[in-house]
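Keep in mind that what you see is a predicted model, and the values were worked out from it rather than measured. Only heavy atoms go into these numbers, but all of them, side chains included; no hydrogens, no water, no symmetry mates.
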Amino acid sequence: MNTRNFRAAAFAGALVLAGIAAAPSPLAAQTTFHKYVALGDSITAGVQGACLVGRNQQTAYPKLVAESLGITDFQTPLVAESATVTNPASACLGARLVGTSILPGPVSQPGGPLNGTLARPYDNLGIPFARVRDLVDLKNSNPAGGGVQTAAALVLRNFTGSPFAGLSAVDEANLLSPSPDLVSLWIGNNDVLGAATSGVAIDGVTVTTKADFDAKYAEVVAGIQHSGRTLVFLNIPDVTAIPFATTIPIQRTVGANTIRFLGPRTTDTCSTAPCPLPDGTLLTLQAQALLAQGVGIPVAAGGTGQPLPDGGFDPTTGILTPGVILYPAEISLLQSRTNEYNATIGAAAAANGGILVDVHEIFNDAKTNGFSIAGINLTTGLLVGGLFSADGVHPSNVGQAIVADEIIKALNRVAGTDYPEPNFATALFTVNVPPGTATLSANELWQSLLANLPEGILVALPTEERAAPMVPARPHRTRRTERREPSR
């Protein structure tokens, strides 16, 4: 178990998670940063619980880094939030305490932009849904286009009629005045993530090919590399290791029997479908609703006998049909591509005198070992683990603070500076809930509750329809945690 020691007053210290490779950099002569811009996707933007709102944007790692650097004019495309949910399909997910169960469900709803008339580009240019190519190719957005188009219209405001029309994220970063002397780049997650969330891993369709990734990443780096500018590169985590893909087991124990869930593919030991899912298969969170209806469960065990859906792609129509299963070959493809992308990112950092933050290793280590902050045990478990938000994909406030901390530590180590590390007390002990709601989401509160319930707490998993009642097929019982005073 990794641990973090805190100073009593500031709750700041050194988190021993993973090494950061630092190449020779302009930072060696840099002691003060005046302008910082962050390029990336939804994690950089501050998405939590499947939505983007100011409450989480203000605790995203770019904002925390800017605060540690003493940069006060750090502008983010803030989004309003309403505690009244009128459209559950686009609601923000959060954790609710119902009896002794923590249930994820709609807790609020995003509204419109709060500072959309800012006369200059934003400093946080994280674009939800963005792939690496979008940082250079998406120069004209459509507010009604959905997905990355709508996100870019919010963040870049480069729609027709706007002063920023025709500008990419890289263009807008370079348009800032004064010119940024610190740029962070965390992109590539969505080049594999869509395959994991859709249950369809096909190279060149849901997964960006290595050749395309390499070409576009090089274009992005060339666009942000300027004399006297320090670059921080962040690589991407294993998308098959996030709670979205690891929470639902592929089998269930009923009495003395273990029932393996059913899928539509044949295997070495099953020649007629539906067949039991083979070892090494992963189920996404969407499988929960289907299992609750008996889908994927043999008739002899009280189920329908129908297989869980396997996603697919029809090249003649271009239609992608999502599924809930990631078979071993698909997992292997995602992990291979992730490793290849990370090799590209590492090489770019070295070639351009940048600093590499090894996010892949940080989160792999957290998944395997967990770690403790101020005596609170943190894991990657859904909801109660503390590191991920309620969607099982995006980091929580604590996860964001860890990333910010690693960036600040890297800058201090290379430059010999002494920038203060983020105050983890804020992330740990501030209740992160929408205004006017009674939801439970602060890790400190979860852990305190766990410590006072001898039988632990039950976690009911989200269903495919966010607004529907959540009936767990097999609740996961968490272990008890022990609260300790912070070490000094």
Side-chain angles (χ1 to χ4, degrees), residues 18 20-21 23 39-44 126-139 147-148 168-170 183-225 231-242 244-245 280 282 284 311-315 318 320 322-323 325-364 367 393:
I20 298 177
L39 293 163
D41 50 38
S42 57
I43 301 179
T44 298
I127 307 171
F129 304 103
R131 293 190 181 195
V132 63
R133 67 188 181 213
D134 293 314
L135 297 190
V136 287
D137 290 349
L138 209 171
K139 297 187 176 185
V148 71
S168 68
V170 168
V183 178
S184 65
L185 176 63
W186 192 4
I187 195 68
N189 296 288
N190 289 322
D191 291 85
V192 285
L193 180 61
T197 56
S198 68
V200 182
I202 303 176
D203 210 23
V205 179
T206 58
V207 181
T208 302
T209 65
K210 180 182 183 302
D212 286 346
F213 183 91
D214 289 355
K216 287 302 175 182
Y217 198 85
E219 191 174 339
V220 172
V221 174
I224 61 175
Q225 175 64 282
L231 304 182
V232 176
F233 298 81
L234 296 91
N235 63 14
I236 62 176
D238 179 2
V239 296
T240 68
I242 59 178
F244 186 87
L282 294 175
T284 67
F313 175 72
D314 185 345
L320 178 73
I325 305 171
L326 286 171
Y327 281 96
E330 295 174 306
I331 295 170
S332 178
L333 171 62
L334 295 180
Q335 292 176 340
S336 295
R337 283 291 172 273
T338 297
N339 291 336
E340 290 171 347
Y341 297 168
N342 284 342
T344 297
I345 294 170
N352 291 277
I355 297 173
L356 176 66
V357 177
D358 194 347
V359 178
H360 186 273
E361 178 60 24
I362 290 171
F363 281 98
N364 270 1
K367 179 179 182 295
V393 174

* **Criterion side chain to side chain contact (heavy atoms under 4.5 Å, CB included) against W186, the qualifying member of V357, T44, V232** =>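 Among V357, T44, V232, the one meeting side chain to side chain contact (heavy atoms under 4.5 Å, CB included) with W186 is T44.
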* **D214 and its side chain to side chain contact (heavy atoms under 4.5 Å, CB included) partner, picked from T208, V132, T209, T344** =>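 Considering T208, V132, T209, T344, a side chain to side chain contact (heavy atoms under 4.5 Å, CB included) with D214 is found only for T344.
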Between [atom1] of [X] and [atom2] of [Y], what distance do you get to the nearest 0.5 Å?
X	Y	atom1	atom2	value
L320	I202	CG	CD1	7.0 Å
S184	I355	OG	CD1	11.0 Å
N352	Q225	CG	CD	4.5 Å
K210	Y341	NZ	OH	10.0 Å
F129	L193	CZ	CG	10.0 Å

* To do: Walk me through it: do H360 and I236 pass the test side-chain contact (heavy atoms from CB on, under 4.5 Å)?
  => CA-CA 5 Å; H360 186 273; I236 62 176; 5.8 Å; no
* **Those residues that, when tested against D134, pass side chain to side chain donor-acceptor pair (under 3.5 Å) (two or more places apart)** =>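 For D134, no residue satisfies side chain to side chain donor-acceptor pair (under 3.5 Å) once neighbours in sequence are set aside.
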* Sequence neighbours left out, what passes side chain to side chain donor-acceptor pair (under 3.5 Å) with N190? Give chain and number order. =>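 Listed in chain order: nothing, the list is empty.
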* Asked: Given L231 and L185, is the side-chain contact (heavy atoms from CB on, under 4.5 Å) satisfied, shown in steps?
  -> CA-CA 8 Å; L231 304 182; L185 176 63; over 6 Å; no
* Between R337 and D203, does at least one N-O distance fall below 4.0 Å, as a salt bridge requires? ->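 Salt bridge present between R337 and D203.
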* Asked: Any ion pair linking D137 and K216 (charged N to carboxylate O, less than 4.0 Å)?
  -> yes
* Flag the pair T197 / T284 as yes when at least one side-chain heavy-atom distance between them is below 4.5 Å, and no otherwise. => no
Considering non-hydrogen atoms only, spot the tightest contact between [X] and [Y] and give its length.
X	Y	result
A130	G40	CB-O, 4.3 Å
I127	A169	CD1-CB, 4.1 Å
P237	F363	CB-CB, 4.4 Å
I187	I345	O-CD1, 4.1 Å

* Anything under 30° is parallel, anything over 60° is perpendicular, the rest tilted; go ahead and classify F233 against Y217. => tilted
* Quick one: do the N364 and D238 side chains pair a donor with an acceptor below 3.5 Å? -> no
* Working for side-chain contact (heavy atoms from CB on, under 4.5 Å), residues V205 and V200 -> CA-CA 9 Å; V205 179; V200 182; 5.9 Å; no
* **Residue list, side chain to side chain contact (heavy atoms under 4.5 Å, CB included) with A195, at least two apart or on another chain** =>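 Residues passing side chain to side chain contact (heavy atoms under 4.5 Å, CB included) with A195: A201, T206, V207, L334.
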* **Test log, rule side-chain contact (heavy atoms from CB on, under 4.5 Å), inputs R133 and V220** => CA-CA 8 Å; R133 67 188 181 213; V220 172; over 6 Å; no
